[in-house]
Amino acid sequence: MQNTTPESTYKSLTAELDRLHYLESTLGLLGWDEQVNLPSGSADHRARESATLADIIHREATQPKLGQWLECLENSLANLSRDTQTVVREARRDYDRNVQIPAEFVARKANAQSKAYHAWAQARKDSNFEYFSPFLEEQLRLAKEEAAYLGFSDNPYDYHIDQHDPGLTGERIEALFTDLLAGLEPIVDTILGSKFKADPGIFRGFSEAGQESFLRSVVERLGFDFSRGRIDRSLHPFCGGTGADTRMTTRFSEDEPLDSLFGAIHETGHGLYEQGLPQEHLGSALGKHVGMALHESQSRIWENQVGRSRAFWDFWEPPYRKAFPSQLAGVSSEALYLAINEVRLTPIRVDADEVTYNLHIILRFNLERELFSGDLAVKDLPARWNELSARTVGLTPASQAQGVLQDIHWSGGAFGYFPSYCLGNMLAAQIWHTLQRQIDGLEEDFRMGEFGRLLNWLRRNIHSLGRQFDTMQLTERVTGQPLRPDSLLRYLEERYLPLYS
């Protein structure tokens, strides 16, 4: 480290961070391919490929020279720019975490996650939790083992929450969810007790080809750059990759066309965020997203505040009718709009409307806390799921496929992720109210099929900042207030109570 300057050291650090980024994005593409294209007989081979590459990435991410460069820069921190300080701070956080986790564990975890995904897919198909149970037990053991390496033996769940949304804890989330539930329950009761009911029967026989053509038109008009991304089919919709190569998926059913459409719009929100991050900084904190609550806020704004609005459908209803003339013949605009904003109890989280959706997240949050505390054994999870679903969501799933096996997350060890969806809903509503104050005539834009002003505002105020701020800091910077459920409750009342009264 002799005869070096902070400038040359920082250049060496960012070059290495770029190299790590390319390795990590390659591993991500293996994961995308596994869910989209992988032949069924190749699962074991893919598991070994993923484990091998994860091992290489871990080895490269824990090189002693990275620690030396960081120490050198930290000694000159006061003289560095704010952007440089951000990169050094987040690189230190990642480096310290990586060096505490053994390489053997990283490879073992990647191998187990790949096998667990295929086990979950089969178990979900057969509605057989017993088949998936040992794989989930292994994921839970690995999650606790990883937390222990980082000093979270006493509270491993907080470690995993922090991985998705740095700075948040189970206790803080519980307080937010308690306040949300108290305000949400009377809204749900009012709507479900209304005499006005949507007719879901109007959505029958919508060809998959027609759905795909229509949603691609919507996704492109919202601003997704297909020259740097694509959309495919998978068992569970997701968005992966980077802003330079964004991979989205959705799924299709001829009798559930809104599932594919809003799934695609949701993932487009994620994709727009990734494509809006500074491309020249993708390897460092300046080009990385803040956390999953913020990421989910972006997807939920496009899916719900925009995609389910009357202004949005004033523009898209005519081409939707043109795409499906016989299916929508005799269906009034009001009936179509009410069906798009139908509120009903469903056992499936991804099919839930935005009013009852949060109940599904609170259910999963409580289950994860019980699993990590040891109060709930994996073998007892299906029964406990049904019990809490009846109490929290208001119904009991008809099968394990519709209940405990419906989500992909636990097969990949993504514990602590579910709360981000509900936190993202809260943040989306706060951002939405801020947007409405700052941009005049926003809904008139939607009526004309124009979404550029909204996207540019998000790019300027959120996407371009990378990871300069954590979730709570950025929330206050953008909305002027701490994260809380008030805006979400107000938004749901304003959007839905007039429809059902």
Side-chain angles (χ1 to χ4, degrees), residues 20 24 51 54-55 57-59 61-62 66-67 70 74 88-113 116 135-178 285 288-296 361-378 380-381 384 407 409-424 467 469-473 483:
L20 286 169
E24 290 166 351
D55 182 53
I57 293 171
H58 182 266
R59 184 186 67 204
T62 56
L66 286 173
L70 288 169
E74 286 163 344
V88 172
R89 181 192 70 225
E90 294 300 315
R92 168 60 74 183
R93 170 185 164 89
D94 292 340
Y95 180 77
D96 287 350
R97 174 180 176 272
N98 287 327
V99 296
Q100 293 180 72
I101 299 177
E104 173 276 331
F105 172 83
V106 173
R108 178 159 46 94
K109 178 183 175 182
N111 185 286
Q113 286 177 341
F135 295 90
L136 179 54
E137 288 178 344
E138 177 67 8
Q139 291 302 314
L140 188 59
R141 283 195 297 270
L142 289 169
K144 291 180 178 180
E145 183 179 349
E146 180 176 336
Y149 288 129
L150 277 297
F152 282 80
S153 297
D154 293 337
N155 199 346
Y157 191 46
D158 273 359
Y159 165 78
H160 289 279
I161 288 173
D162 186 73
Q163 293 307 297
H164 299 296
D165 290 298
L168 285 171
T169 65
E171 183 178 3
R172 192 167 190 180
I173 291 172
E174 182 181 27
L176 288 168
F177 285 4
T178 298
K288 293 182 179 180
H289 65 80
V290 175
M292 292 316 302
L294 200 287
H295 227 307
E296 291 300 334
I361 301 306
I362 293 171
L363 162 68
R364 286 154 177 77
F365 172 68
N366 289 328
L367 288 168
E368 286 190 335
R369 294 189 84 184
E370 291 181 5
L371 284 170
F372 274 84
S373 69
D375 292 338
L376 176 62
V378 169
D380 298 324
L381 184 56
R384 182 61 172 162
D407 292 305
H409 302 63
W410 291 341
S411 72
F415 301 103
Y417 187 143
F418 281 120
S420 301
Y421 290 112
C422 192
L423 297 171
R467 197 177 286 180
F469 307 95
D470 66 23
T471 302
M472 293 305 189
Q473 291 170 337
L483 182 62

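Basis for what follows: all heavy atoms, side chains included, without hydrogens, waters or symmetry-related copies.
Of the options Ile101, Asp55, Thr62, a side chain to side chain contact (heavy atoms under 4.5 Å, CB included) to Val106 is made by Ile101 and by none of the others.
Considering only residues two or more places apart in sequence or on other chains, Phe469 meets the ring-ring contact (aromatic ring centres under 6.0 Å, His included) condition with none of them. Contacts of Arg108 classified as salt bridge (Lys or Arg N to Asp or Glu O under 4.0 Å), with partners at least two apart in sequence or in another chain: Glu104, Glu145. Remark: Arg59 engages Ile56 in a side chain to side chain contact (heavy atoms under 4.5 Å, CB included) (not counting sequence neighbours). Applying the side chain to side chain contact (heavy atoms under 4.5 Å, CB included) criterion to Asp158, with sequence neighbours excluded, gives Phe152, Asn155, Ile161, Thr169. Applying the salt bridge (Lys or Arg N to Asp or Glu O under 4.0 Å) rule to Asp470 yields no partners; only residues at least two apart in sequence or on another chain are considered. Listed by chain and residue number, Thr178, Phe365, Arg369 satisfy the side chain to side chain contact (heavy atoms under 4.5 Å, CB included) test with Glu174 (two or more places apart in sequence, or in another chain). Every residue meeting the ring-ring contact (aromatic ring centres under 6.0 Å, His included) condition with His295, not counting sequence neighbours, appears here in chain and number order: His270, Tyr273, His289. The salt bridge (Lys or Arg N to Asp or Glu O under 4.0 Å) check on Glu24 picks up nothing, with sequence neighbours excluded. For Arg89, the side chain to side chain contact (heavy atoms under 4.5 Å, CB included) partners are Thr86, not counting sequence neighbours. In this view, Glu171 satisfies the side chain to side chain donor-acceptor pair (under 3.5 Å) rule with no residue, not counting sequence neighbours. In this structure Arg172 satisfies the salt bridge (Lys or Arg N to Asp or Glu O under 4.0 Å) test with no other residue, sequence neighbours excluded. Under the rule for a side chain to side chain donor-acceptor pair (under 3.5 Å), Asn98 has no partner lying at least two apart in sequence or in another chain.
In terms of modelled atom types and a separation under 3.5 Å, the side chain of Asp162 and the main chain of Gly167 share a donor-acceptor contact. Using a distance-only test at 3.5 Å, with no hydrogens or angles considered, a donor-acceptor pair links the side chain of Asp165 to the main chain of Met292. A donor-acceptor pair is defined here as one N or O able to donate and one able to accept, closer than 3.5 Å; such a pair exists between the side chain of Asn366 and the backbone of Ile362.
A 4.5 Å side-chain heavy-atom check between Pro419 and Glu368 finds at least one atom pair inside the cut-off. Side-chain contact between Trp410 and Leu381 is present, with at least one heavy-atom pair separated by less than 4.5 Å. At least one side-chain heavy atom of Phe177 sits under 4.5 Å from a side-chain heavy atom of Cys422.
Less than 6.0 angstrom separates the ring centroid of Tyr421 from the ring centroid of His409.
For the residue pair Tyr417 / Glu296, a side-chain donor-acceptor distance below 3.5 Å is found, with atom types taken as modelled.
Taking the six-membered ring where the residue is Trp, Phe372 and His160 present tilted rings, their angle falling between 30° and 60°.
Salt-bridge formation is not detected for the pair Arg141/Glu146: no Lys NZ or Arg NE/NH1/NH2 atom is positioned less than 4.0 Å from an Asp or Glu carboxylate oxygen. The existence of a salt bridge linking Glu90 and Lys288 is excluded, since no basic side-chain nitrogen approaches an acidic carboxylate oxygen closer than 4.0 Å.
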Decide yes or no on side-chain contact (heavy atoms from CB on, under 4.5 Å) for Asp407 and Arg364, but give the supporting numbers first.
CA-CA 10 Å; Asp407 292 305; Arg364 286 154 177 77; 2.6 Å; yes

